[in-house]
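The structure displayed is predicted, hence computed values, not measured ones.
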Amino acid sequence: TGIKSNTVGGAQGYRFRVTDGVNTAIIDSPDRLIYLSETGFAANGTVYTIDVSVMLYNTYTPRTMSVAFSTTSRLPDCVKT
């Protein structure tokens with residue numbers, strides 16, 4: 001299951017920050033979709049926090065919202081930015 005950000009018009013890319021409280025991964029994506037397996041530390045029964053920054057005009061925007069979820073529950077369809 002993928003993790004998606006909201007679509008942002010004019011976005012040149014998306015930067016996802018994923019943390020499990022110990023490990024943190026920064027994943028740059030040309031589109032709004034990533035997979036938890038891209039972190040290298042995905043595991044069942046773990047709570048993750050994800051936030052997203054959007055590249056506009058060659059600059060990443062500040063992160064404005066994060067979402068937390070557990071791999072024992074359904075993954076969120078959307079990460080609000």
For Asp31, check salt bridge (charged side-chain N to carboxylate O under 4.0 Å, His left out) against everything at least two apart and list the hits. none
Heavy-atom side-chain proximity of Arg15 to Ile27 below 4.5 angstrom: no
Thr61 vs Leu56 side-chain heavy atoms within contact, under 4.5 Å: yes
Please find the pair of heavy atoms, one from Thr49 and one from Ala68, that lie closest to each other, and give the distance. OG1-CB, 4.0 Å
Close side-chain approach of Tyr14 to Ile34, heavy-atom, < 4.5 Å: no
Looking at every non-hydrogen atom in both residues, tell me the closest pair between Arg63 and Ile26 and how far apart they are. NH2-CD1, 4.2 Å
Residues 16-26 vs side-chain hydrogen bond (donor to acceptor under 3.5 Å, both in side chains), sequence neighbours excluded, gives Arg17-Asp51, Thr19-Thr24, Asp20-Asn23
If you take all heavy atoms of Phe41 and Val18, which pair is closest and at what distance? CZ-O, 3.7 Å
Hydrophobic clustering (ILVMFWY, side-chain heavy atoms < 4.5 Å, transitive) - are Ile50 and Val22 grouped together? no
Heavy-atom closest pair (Leu33 atom, Gly2 atom, distance to 0.1 Å) is CD1-CA, 3.5 Å
Please report the interatomic distance OG(Ser29) to CD1(Ile3), rounded to the nearest 0.5 Å. 11.5 Å
dist Thr7:OG1 -> Arg32:CZ (nearest 0.5 Å) comes out at 3.5 Å
If I compare all heavy atoms of Ser53 with all of Tyr60, which pair ends up nearest, and what's the gap? OG-CB, 3.3 Å
Nearest heavy-atom pair of Leu36 and Tyr48: which atoms, and what distance? CD2-CE1, 3.7 Å
State which residues pass side chain to side chain donor-acceptor pair (under 3.5 Å) with Thr39; sequence neighbours excluded, sorted by chain then number. none
Is there a side-chain contact between Val47 and Phe69 (heavy atoms, below 4.5 Å)? no
